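These notes concern the structure reproduced below.
Scope of the values below: all heavy atoms of this structure, side chains included, with no hydrogens, waters or symmetry mates. By convention in this document, chain letters (A, B, ...) are assigned in the order of the sequence lines, proteins followed by strands, and residues within each chain are numbered from 1. These numbers come from a predicted model, not from an experiment.
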Amino acid sequence: MSQAHAMMPETLHDERARLAFIIDLKGCLDVKASVANAQLLERNVMPKLAPRDGDDPLHAARKAMEKELPYQNWMTLMRSAQQMMWDAVGRCVDRQYSDLESRAGEYSGDEQVRFDENFEVPRYLTAVDTHLMPGSYYTQRSSNDVRQGAVFDLAAAIYHRGQNGNELNDVRGHTIVSHLWERFPELEAHKLLELGCTVGHSTAAVAGYFPDAELHAIDIGLPVLRYAQARARSLGIKNVHFAQENAETLSYPDASFDVVYSSVMLHETSAKALPRIMSECYRVLKPGGVVIHLEVPIRYESMSLAEKLRAEYETHYNNEPFWRGACTADLVGALRAAGFEGVEEGYQQAVPKASRGAEGFSSKRGPVYACWYVVSGRKP
Amino acid sequence: MSTATDTQGRFRVARAEKPKIHDDPAIDDLMAMVASLAGEVAVLRERVDTHERLAAAKDCFSPDEVDRFTPSAEAQATRARLRTQLVESVFRPLLAPENLEDPGSHAAIVEEIERSAGGM
């Protein structure tokens, strides 16, 4: 089976069949069951609800729904499908792990991901394993371990059902550049920083637009960073430097970068971390520099009760503890408080390739994958 | 601890509170098992599909021949035995006859055996 890049784990016949089943199950649960859930909510649950003044109607609706057997069945299958995905992907990676580690070593050579022995992975990432991925982004067995990177890469390749750029999973990266060129067309990007790069899906895309620029990509997880480095080198990308850092306390000097950006990273932080991250974005940007945060196009203020209920599932049952927090946070306010000007939020049309002059940023929300929520601003 | 040297156990189970979704938590596990089992059935079915396509490509036999296959009397008998075994093992808890061998309270038996005077 031909691969988009040389680090991607291979899949054998039965592994592909298993993963295809799991993804189809997830698709079935998401599409059909969401319709049924909305009907159950509207017809059976809402008419019986009598929330008292001051009660959060969403909380009351969720608690009532969670007592309904069809909704309980849906939740159990959702959780099972997610666990099955990580289990199947994990076993596939483990089968071929020594080959993967050797290959990563070949592509990276002597190059090490920069790390600090005293680094502490923040609690919002160690408290629970994000999206039920056993071992999360940071667990490693040795100083060469890339397992969690391989697991994440393979899972992401199937999870999005091809809607984020198939195995390269890079539509979000192209969309970030599309946003940059639309809102800040005159900005010259010589030095860029990506926060929370994981395995470099967006990083590789962004790097391609600025071959003469210097990119830095940070994450809290060493095994995903090592994999990201090997993956990027296997794609011929040489201008990205990977390092283990916490976006709340960056090691870079003031006024280092022209662009600081993140791609679906904020929702994996916390309410306390958000303002610190925004401050750090401001600090490390040069005057005139630009910050861009891309997130899931799931904003509570623009969603129906049924849609919010679906988002609540992520928060409470899919180990995304800051999903709701991020989807309700005043990100515009957070950037302004950090000192940014010209802060705007909206939805950027997803593109497989950015082009100058395109108009894809508006307040009109589209479906996930067709667009992404973006908030951006400029340092005066 | 920022990093953890680890055994494979850390990679099999996610750090998460196990939710209690159904009123009876046994149902949660049961549904999870059914979902996995359905997955394995899907895998097997796909492998059979591959076998049939490869066999057809090499002119061994076609899927149509599989559809029209008539088992011999011996084959039917073997299959009947296999089906009975499968049903009995899968549905064992439901099919077991009324417990004719029920000796009553196990706790009482343990107590009796442990009693030093007047015990068994």
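- More than 12 heavy atoms of other residues, nucleotides or ligands sit less than 6.0 Å from atom NE2 of A:H13.
- Contacts between A:I22 and chain B at a heavy-atom distance below 4.5 Å are absent for every atom of the residue.
- Of the atoms belonging to B:D23, heavy atoms from both backbone and side chain fall under 4.5 Å from chain A.
- Residues of residues 70-77 of chain A having a heavy atom under 4.5 Å from any heavy atom of chain B, listed by number: A:Q72, A:N73, A:M75, A:T76, A:L77.
- If you run side chain to side chain contact (heavy atoms under 4.5 Å, CB included) between B:S36 and each of A:Q83, A:R18, A:M84, only A:M84 comes through.
- Interface remark: A:R79 contributes side-chain atoms only to the contact with chain B (heavy atom separation under 4.5 Å).
- At most 12 non-hydrogen atoms from other residues, nucleotides or ligands lie less than 6.0 angstrom from CZ of B:R53.
- For chain B, no part of A:A20 is nearby; none of its heavy atoms comes within less than 4.5 Å.
- Only the side chain of A:Q148 has a heavy atom closer than 4.5 Å to any heavy atom of chain B.
- From B:E17, atom CD reaches atom OH of A:Y317 across 9.0 Å, with rounding to the nearest 0.5 Å.
- Contact annotation for A:D14: both backbone and side-chain heavy atoms come within less than 4.5 Å of a heavy atom of chain B.
- Put simply, the side chain of A:R141 reaches to within 4.5 Å of the side chain of B:F11, judged on heavy atoms.
- The two residues A:F21 and B:A35 make their nearest non-hydrogen contact at CE2-O, 3.7 Å.
- Taking chain B as the reference chain and counting heavy-atom pairs below 4.5 Å, the highest number among A:V128, A:T130, A:L69 is found for A:V128.
- With a 4.5 Å cut-off on non-hydrogen atoms, B:E40 touches chain A through its side chain but not through its backbone.
- Between the B:R15 side chain and the A:T126 main chain, a donor and an acceptor come within less than 3.5 Å of each other.
- Across all non-hydrogen atoms, the minimal contact from B:A16 to A:L132 is CB-CD2, 3.8 Å.
- Distance CZ/B:R12 to CG/A:D94: 5.0 Å, rounded to 0.5 Å.
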